[in-house]
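Below is one structure; the comments refer to it alone.
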Amino acid sequence: MRADTPLDFGDPADLERLRGDFRAWLAEHPLPERLPGEPLPVFLHRWHRLLHSGGWVGLDVPERYGGRGLTPLHQVAVSDELGVRGAPGVPRIGYLAHALLEFASEDQRRRLLPRMLAGDDVWCQGFSEPGAGSDLAGMSTYAERHDHGHDHGHGHRDSAYYTVRGQKLWTSYAQYSAYCLLLARTDRTAPPHASITAFVLPLDRPGVTVRPLRAANGDDEFCELFLDDVRLTESERIGGEGDGWALAMTTVSYERNALDTGHLSKYGLLVERLRRTARERRGQLPDGLLSEIGRCFVDYEVLVAHARRRTAERLAGQVAGPESSIDKLLMTRAEQRLYETALKVFPEELHGPGGEVFAEYLYSRAASVYGGTSQIQRNIIAKRVLRLTDGGG
Ligand SMILES: Cc1cc2nc3c(=O)[nH]c(=O)nc-3n(C[C@H](O)[C@H](O)[C@H](O)COP(=O)(O)OP(=O)(O)OC[C@H]3O[C@@H](n4cnc5c(N)ncnc54)[C@H](O)[C@@H]3O)c2cc1C
């Protein structure tokens, strides 16, 4: 059994055709070279735009919003074809797109989604704060509502506007983004879960300061976002006041799910590399390490089986929910064990320049934190999947 071949989802004929078309397109549009000194997000953005130019982004988004109106399985197939080639996946914007699809007004969806899918506007996610990560509902950024709106002329008048004060933290790639999907409290008296509202925040708006932070792996992925009386119009609110918590749960449920099979295929490539190396160095690797490789293989197989099941559920119309926490835990375990094992098999990666396994190993440590920590995923599974509290059946 090999782990570096495309995943078999029992593809129907039209999907085989799509895979064939995509392979032909990839042959004509190879992954561009990363320029010397080019920041990774800038390089990935070029790749995003190239993929979009071929029609390979947002396959499962309706055509009227800039997608192709196909199924999640079509997007999975594209991710998978990229993954088995070791190419960067389709841009991870699906979870933000889903938040807009489910909560934004028709006008917002038509305005924002096509540009997001095309990479014309890069988006970031402004949820976490210095005092509100796991306890997201405890956020203190506040959007104060003013009911005397701005007159734009031509008979168009916003009925209200908000001024936003507060700070966000860990906002990935805000320095490269045009828009932020922002959560802020709009009611100081209602319970936390009923008082959070979502906005689309243009990051060039007066009062916004973006300050990048340097992480242990040398990347400046994270940013602090300071919001100093930033004015947002009512038409920049996504959903109603108080809908922000539901939007946040939708967003993270899609963020945590296992359908990003480009990831899985990348793991598959590494599992296969480990298997090949262990066979070549037969008798040289300690048994303990061989059994770790075996466990990596099992983790990978479990993930693939799980991804197939999730795909089938999504095709049957099921939306992502708290069960995505299971996906997140399985992915975290697989990824962390895989790169830990790989570093033991390829210790030279620790020292050599461009040690890709080492860079991936460092980033894998964050998997148990981003998108909600592993402890929080287990709490969600206990409370919202198994309903072990509140007398739920
Ligand atoms: C690579 C990366 C990218 C990120 N990108 C973004 C982004 O783009 N936008 C964004 O908004 N956020 C982002 N985050 C932030 C991320 O969502 C938070 O770091 C995460 O939710 C944890 O919050 P915290 O850092 O405040 O830790 P804390 O909530 O302070 O947690 C500290 C520790 O306490 C544990 N803990 C806390 N509460 C409980 C509990 N009730 N039960 C058991 N244990 C508990 C946690 O598991 C953790 O181990 C990113 C994080 C990382 C690592």
Side-chain angles (χ1 to χ4, degrees), residues 39-41 44 91-99 116 122-141 164 166-185 192-193 196-201 203 208 210-227 238 244-245 247-257 260 263 322 324-325 328-329 331-333 335-336 339 359-384 386 388-390:
L40 184 63
L44 292 178
R92 292 215 64 207
I93 50 176
Y95 60 104
L96 296 172
H98 270 286
M116 177 195 273
V122 177
W123 284 63
C124 61
Q125 178 190 13
F127 290 7
S128 308
E129 297 185 2
S134 300
D135 178 24
L136 187 62
M139 71 179 60
S140 54
T141 294
V164 189
Q167 184 192 346
K168 296 288 166 181
L169 186 60
W170 314 126
T171 321
S172 294
Y173 302 123
Q175 71 274 49
Y176 300 106
S177 302
Y179 289 110
C180 176
L181 184 62
L182 179 80
L183 294 181
R185 199 172 290 293
H193 295 98
I196 294 170
T197 302
F199 295 92
V200 42
L201 165 70
L203 287 167
V208 177
V210 176
R211 192 192 296 160
L213 299 166
R214 180 60 45 95
N217 63 357
D219 284 350
D220 56 357
E221 167 174 345
F222 308 121
C223 291
E224 291 178 292
L225 209 63
F226 297 95
L227 306 168
I238 308 276
W245 185 254
L247 175 141
M249 291 306 100
T250 295
T251 311
V252 295
S253 293
Y254 280 98
E255 189 180 0
R256 291 168 184 160
N257 82 51
D260 180 3
H263 246 66
S324 297
S325 293
K328 175 80 187 338
L329 284 174
M331 285 192 289
T332 299
R333 187 182 67 180
E335 180 170 335
Q336 294 189 339
Y339 286 108
E360 297 278 9
Y361 164 80
L362 281 179
Y363 202 78
S364 74
R365 309 317 298 163
S368 42
V369 179
Y370 58 69
T373 69
S374 290
Q375 289 87 343
I376 294 305
Q377 306 314 317
R378 287 192 281 271
N379 287 350
I380 292 170
I381 290 165
K383 290 181 186 162
R384 296 181 53 211
L386 300 177
L388 300 183
T389 56
D390 306 330

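Both counts, for ligands and for their atoms, begin at 1 and track the order of listing. Just so it is clear, the values below take in all heavy atoms, side chains as well, and ignore hydrogens, waters and symmetry mates. Position 1 is the first residue of the sequence; numbering continues from there.
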Legend entry - Contact with ligand 1 for Y173, non-hydrogen, under 4.0 angstrom: no

Inset, instruction - Decide whether Y363 and E221 meet the rule of one side-chain donor and one side-chain acceptor closer than 3.5 Å. - result: yes

Inset, instruction - Go through the side-chain N and O atoms of S134 and Q375 and say whether any donor and acceptor fall under 3.5 Å apart. - result: no

Could you check if a side-chain atom of [X] sits within less than 4.5 angstrom of a side-chain atom of [Y], using non-hydrogen atoms only?
X	Y	value
N257	Y95	no
I380	R256	yes
L329	S374	yes
T171	V210	no
L227	V208	yes
Q167	E129	no
H193	I196	no

Who's the nearest protein heavy-atom neighbour of [atom], and how far?
atom	value
atom 11 (O) of ligand 1	S128 N, 2.7 Å
atom 9 (N) of ligand 1	Q125 O, 2.7 Å
atom 6 (C) of ligand 1	W170 O, 2.7 Å
atom 37 (C) of ligand 1	S134 OG, 3.5 Å
atom 19 (O) of ligand 1	V369 CG1, 3.4 Å
atom 5 (N) of ligand 1	S172 OG, 2.8 Å
atom 21 (O) of ligand 1	G133 C, 3.7 Å
atom 44 (N) of ligand 1	Q375 CB, 3.5 Å

Below 4.0 angstrom from a heavy atom of [X], which ligand 1 atoms are there? Numbered from 1 as shown, please.
X	result
Y363	1 (C)
E221	1 (C), 3 (C)
N379	40 (C), 41 (N), 42 (N), 43 (C)
F127	11 (O)

Inset, instruction - Kindly check if the number of other-residue, nucleotide or ligand heavy atoms within 6.0 Å of CH2 (W170) is above 12? - result: no

Inset, instruction - Could you tell me whether Y370 and ligand 1 have an N or O pair separated by under 3.5 Å? - result: no

Inset, instruction - Would you check the N or O atoms of D135, main chain and side chain alike, for any that come under 3.5 Å of an N or O of ligand 1? - result: no

One residue to check: [X]. Relative to ligand 1, which of side chain, backbone, both or neither has a non-hydrogen atom less than 4.0 Å away?
X	answer
F222	side chain
L136	neither
K168	neither

Legend entry - atom 13 (C) of ligand 1 protein-contacted, heavy-atom criterion under 4.0 angstrom: yes

Inset, instruction - Select the closest option to atom 22 (C) of ligand 1 among L183, T171, T373, judged by heavy-atom distance. - result: T373

Legend entry - Donor-acceptor contact present, side-chain K328 to main-chain E255, <3.5 Å: no

Inset, instruction - Verify, without hydrogens or angle tests, whether R185 (side chain) and A137 (backbone) share a donor-acceptor contact under 3.5 angstrom. - result: yes

